[in-house]
Enquirer: 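Mind having a look at this structure? Questions to follow.
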Amino acid sequence: MTHREPRPGAFAQLLKDAGKPRSRLWGFVLFTIACIVFYGHSAIVENDTAKRQQTSFGTTDQCERRGRGHENWCHYSFAVGDDWYRGVSQTYPEVTFGQTVEVYYDSQDPRMNTLEDFSGQSRKDERLVYILLLVLVAAGTFILWNEEPRGASPDERTPENGFPVTWGFPLFGEFTENPTLQALHGRVQRRPVF
């Protein structure tokens, strides 16, 4: 039995492999983490604002279609006490110029206002964070799953020395127990990795 050196930690190995081609997905992972932090923070802020939100009625001054989906954006004005405020927000397609609309605003700062409920905006951001977390887990799993075992050349990787690898997927010991894979082992030739 040969003595093998212990593998370095996963994080240390990532730093070591940072410039190699197979680690290109790590840029995507870092971007996804940044998006999770940004949208998570937005969801927290909007949820906090939703707890303080109040409503007022306002009048639309101008409405126009914008963006790829041709969303309806309206300029509006509304009163809080004796003060008047203006805002621009995305709204329902049927809202037009001169209509009375319900405006949601932060009771501590009415300049922060919208035509959509703040809790609805918070839920959208929370859903996006959950989706991004799933994408992050999938990308991390893909990266770790496709990592080749270290410590042996491709010719030395066999089930006997602790590397049960076939077609690039680790089989966690099933290689030696599965008769179908044992029969295929002699027929499959691995190309050297460059």
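Source: prediction; values computed, not measured. In what follows, every heavy atom counts, from backbone to side chain, and hydrogens, waters and symmetry copies are set aside.
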Enquirer: Restricting to pairs with a member in residues 45-119, which pass disulfide bond (SG atoms under 2.5 Å apart), not counting sequence neighbours?
Expert: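 Only C63-C74 qualify under disulfide bond (SG atoms under 2.5 Å apart).
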Enquirer: May I ask you to decide if R111's main-chain N or O and N113's side chain share a donor-acceptor pair within less than 3.5 Å?
Expert: yes
Enquirer: Please report the interatomic distance CG(L134) to OG1(T32), rounded to the nearest 0.5 Å.
Expert: 11.5 Å
Enquirer: Is any side-chain heavy atom of H70 closer than 4.5 Å to a side-chain heavy atom of P93?
Expert: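 H70 vs P93: side chains apart.
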Enquirer: What is the distance from atom CD of E46 to atom NZ of K51, rounded to the nearest 0.5 Å?
Expert: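 One gets 13.5 Å once the value is rounded to the nearest 0.5 Å.
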Enquirer: Drop me the distance from L136's CG to I33's CD1, to the nearest 0.5 angstrom.
Expert: 5.0 Å
Enquirer: Would you name the heavy atoms of S119 and A50 that are closest together and state the gap between them?
Expert: N-CB, 3.6 Å
Enquirer: More than 12 foreign heavy atoms under 6.0 Å from NE2 of H75: is that the case here?
Expert: yes
Enquirer: Same cluster for V137 and V29 if Ile/Leu/Val/Met/Phe/Trp/Tyr side chains link at under 4.5 Å?
Expert: no
Enquirer: Are T96 and T60 packed together at the side-chain level, in the sense that at least one heavy-atom pair is separated by less than 4.5 angstrom?
Expert: no
Enquirer: In Å, rounded to the nearest 0.5 Å, how long is the span from CG of D106 to OG1 of T49?
Expert: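 Here the rounded value is 5.0 Å.
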Enquirer: How would you list all residue pairs meeting salt bridge (charged side-chain N to carboxylate O under 4.0 Å, His left out) that involve residues 132-142, not counting sequence neighbours?
Expert: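 Non-adjacent pairs meeting salt bridge (charged side-chain N to carboxylate O under 4.0 Å, His left out): zero.
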Enquirer: Sort and list the pairs that fulfil disulfide bond (SG atoms under 2.5 Å apart) and have at least one residue in residues 88-130, not counting sequence neighbours.
Expert: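 Those involving residues 88-130 do not exist here.
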Enquirer: Hydrophobic cluster membership, with links at side-chain heavy-atom distances under 4.5 Å among I/L/V/M/F/W/Y: are L133 and F142 in one?
Expert: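 Same cluster: L133 reaches F142 through Ile, Leu, Val, Met, Phe, Trp or Tyr contacts under 4.5 Å.
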Enquirer: At their closest point, which heavy atom of S56 faces which heavy atom of A79, and how far apart are they?
Expert: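 It is OG-O, 2.9 Å.
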Enquirer: Does any non-hydrogen side-chain atom of K124 lie less than 4.5 Å from one of E116?
Expert: yes
Enquirer: Might you point out which heavy atoms bring C35 and L132 nearest each other, and give the distance in Å?
Expert: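 That closest heavy-atom pairing would be CB-CD1, 3.6 Å.
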Enquirer: Applying the side chain to side chain contact (heavy atoms under 4.5 Å, CB included) test to E102, which of D117, T91, T55 qualifies?
Expert: T55
Enquirer: If you look only at pairs with a residue in residues 80-112, which of them pass as a disulfide bond (SG atoms under 2.5 Å apart), with sequence neighbours excluded?
Expert: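 Disulfide bond (SG atoms under 2.5 Å apart) check on residues 80-112 returns no pairs.
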Enquirer: Nearest 0.5 Å, what's the CG-CD distance between D61 and Q99?
Expert: 12.5 Å
Enquirer: With a sphere of 6.0 Å drawn around CZ of F118, does it hold more than 12 non-hydrogen atoms of other residues, nucleotides or ligands?
Expert: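 Yes, CZ of F118 has more than 12 neighbouring heavy atoms, counting only those of other groups under 6.0 Å.
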Enquirer: Do Y130 and F28 belong together in a cluster built from hydrophobic side chains that touch within less than 4.5 Å?
Expert: yes
Enquirer: Can you list, by chain and residue number, the hydrophobic cluster partners of V80 when the side-chain cut-off is 4.5 Å?
Expert: Y76, F78, Y85, Y92, V95, V101, V103, Y105, L115
Enquirer: Taking atom CD of Q53 and atom CD of Q121, what is their separation to the nearest 0.5 Å?
Expert: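 With rounding to 0.5 Å, CD (Q53) is 9.0 Å from CD (Q121).
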Enquirer: List for me each residue that meets side chain to side chain donor-acceptor pair (under 3.5 Å) alongside S89, sequence neighbours excluded, and say none if there are none.
Expert: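 Only T114 meet the side chain to side chain donor-acceptor pair (under 3.5 Å) criterion with S89.
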